[in-house]
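All residue numbers in this chain count up from 1 along the given sequence. We count ligands from 1, going down the list as the structure has it; atoms in each ligand are counted the same way.
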Amino acid sequence: MDVVLPWKSVWITGAGKGIGAALAKLFSKKGVTVYISSRTPADLAQVKDSCRDYPGIVVPIPLDITQPEQIADLVQAWEAGEGIPRLVILNAGTHTPCAVSEFSAEHCKHLLDVNLQGTLNCLAPVLQRYIRSNDGQVAVMGSVAGYRGLPAAAAYGASKAALINLCESLYLDLSALRVKIQLINPGFVRTPLTDKNAFEMPFLLEPEEAAERILIGLCSDKFEITFPRRFSYLLKFLRLLPYRWYFRILTRKNMVKNVQGEEGSKMGTKEFKS
Ligand SMILES: NC(=O)c1ccc[n+]([C@@H]2O[C@H](COP(=O)([O-])OP(=O)(O)OC[C@H]3O[C@@H](n4cnc5c(N)ncnc54)[C@H](OP(=O)(O)O)[C@@H]3O)[C@@H](O)[C@H]2O)c1
């Protein structure tokens, strides 16, 4: 994409690896100042180092999005100095596939704390400032896994479904303002997060390609940035089906067995009723 970008700076959470790191590199290449956050300073240093030949300055800001006081300190520091970046990408998230035999409240809480509450901890202070100045753009990382329940992803899918609904609602609330909110719903992207998946991931993209597609979406007026199209449209179609058909298709395709192994498969092949 060879256009001059409308932002001088961007804050990307979860930029130590995976999609966030690829986005940081792309923005730096385009000359944008990139504030990169994650909990692991060594990852951030590596991303900064990999951008040393690019024109955009990279500023590592180690923080944990589950700690609201760390975000408050950052926002205050920006307000006292260079100002909050006019583009914020709330990308940080986590996922540990979980077989139903290991279903636990602790596991769910951890995923919801990071993916949902952690994102809110960043979103709220940023949005408050954007609304006050009637200017700014924020993109929230969802997932096509939030469209409908998928095997071995109960807590992850719930966290992403909540983010999807939240962004839809905020889009309506912000429609009279010059504050732009967008939702990013990728399919599978090869990252340390998906390296944990033991099953075959259809339409798998490299993080650099995902970053390119996200950037194109950020420059557009689209609310939802979703890719690869064929995969996300297929899942959107499945979203329209009644439960009986949806569950049959997923179990017939042996997805429960592929994702959860034999034990999960036995539990998943009962007759589903809508
Ligand atoms: N990869 C995919 O196929 C895919 C598909 C759809 C959506 N997504 C979403 O895209 C986002 C990025 O995924 P990814 O695949 O790039 O994951 P990843 O490779 O695991 O990278 C996640 C990043 O988030 C950071 N992070 C995790 N917990 C954090 C916390 N509490 N505070 C601050 N930073 C934290 C991690 O660094 P530290 O652990 O050092 O903090 C890391 O830099 C996630 O929201 C994910 O749900 C991914």
Checklist entry - Of R86, R129, K180, R178, which is the lone residue that meets salt bridge (charged side-chain N to carboxylate O under 4.0 Å, His left out) with D135? => result R86

Item to check | G187 heavy atom under 4.0 Å from ligand 1 | outcome: yes

Item to check | Heavy atom of G118, distance to ligand 1 below 4.0 Å | outcome: no

Item to check | G18 neighbourhood, listing ligand 1 atoms whose heavy-atom distance to it stays under 4.0 Å | outcome: 16 (O), 19 (O)

Next on the checklist: If I apply the N/O under 3.5 Å rule, does G16 come out as touching ligand 1?
Outcome noted: yes

Item to check | Heteroatom proximity flag, T191 to ligand 1, N/O under 3.5 Å | outcome: yes

Item to check | Contact (N/O only, under 3.5 Å) between R39 and ligand 1 | outcome: yes

Checklist entry - Do the non-hydrogen side-chain atoms of L218 and W7 ever get within less than 4.5 Å of each other? => result yes

Checklist entry - Purely on distance, is any nitrogen or oxygen of S37 under 3.5 Å from one on ligand 1? => result no

Next on the checklist: Check for me whether H95 has a heavy atom closer than 4.0 Å to any atom of ligand 1.
Outcome noted: no

Checklist entry - Just checking, is any N or O donor in the side chain of E224 or Y171 under 3.5 Å from an acceptor N or O on the other one? => result no

Checklist outcome for this item: So for T194 against ligand 1, with non-hydrogen atoms under 4.0 Å, the contacting part is side chain

Checklist entry - Side chains of S159 and N115: is there a donor and an acceptor less than 3.5 Å apart? => result yes

Checklist outcome for this item: So for M201 against ligand 1, with non-hydrogen atoms under 4.0 Å, the contacting part is neither

Checklist entry - If you take all heavy atoms of C219 and L5, which pair is closest and at what distance? => result SG-CD2, 3.8 Å

Checklist outcome for this item: Closest to atom 44 (C) of ligand 1 by heavy-atom distance, out of N197, I65, V47, N91, is N91

Checklist entry - Considering the options F203, Y147, F237, which one meets the ring-ring contact (aromatic ring centres under 6.0 Å, His included) requirement together with F231? => result F203

Checklist entry - Do ligand 1 and T40 have nitrogen or oxygen atoms that lie under 3.5 Å from each other? => result yes

Next on the checklist: For L177, is the CG atom crowded, meaning more than 12 foreign heavy atoms sit under 6.0 Å from it?
Outcome noted: yes

Next on the checklist: Out of all atoms in ligand 1, which are within 4.0 Å of some heavy atom of F188? Include the element for each.
Outcome noted: 3 (O)

Checklist entry - Can G142 be said to touch ligand 1, with heavy atoms closer than 4.0 Å? => result yes

Checklist entry - Minimum heavy-atom separation for P125 to V75, with atom names? => result CB-CG2, 4.2 Å

Next on the checklist: So, regarding I19 and ligand 1 (criterion: nitrogen or oxygen to nitrogen or oxygen, under 3.5 Å), is there a contact or not?
Outcome noted: yes

Checklist outcome for this item: of all protein heavy atoms, closest to atom 17 (O) of ligand 1 is L193 CB, 3.4 Å

Checklist entry - Taking all non-hydrogen atoms of both residues, which atom of M201 and which atom of N197 are closest, and how far apart? => result SD-ND2, 3.4 Å

Checklist entry - Should the proximity of L63 to ligand 1, defined as any heavy atom under 4.0 Å, be assigned to the side chain, the backbone, both, or neither? => result backbone

Item to check | cation_pi(R148, Y246) dist<6.0 Å, angle<=45 | outcome: yes

Checklist outcome for this item: Restricting to heavy atoms, the pick from A15, G14, S38, C122 nearest atom 37 (O) of ligand 1 would be S38

Next on the checklist: So for D64, does at least one of its heavy atoms come nearer than 4.0 angstrom to any atom of ligand 1?
Outcome noted: yes

Item to check | N or O pair under 3.5 Å between P186 and ligand 1 | outcome: no

Checklist outcome for this item: Closest non-hydrogen atoms of L250 and P151, given as atom of the first, atom of the second and distance, are CD2-CD, 3.7 Å

Checklist entry - Is V114 touching ligand 1 with its side chain, its backbone, both, or neither, if touching means heavy atoms under 4.0 Å apart? => result side chain

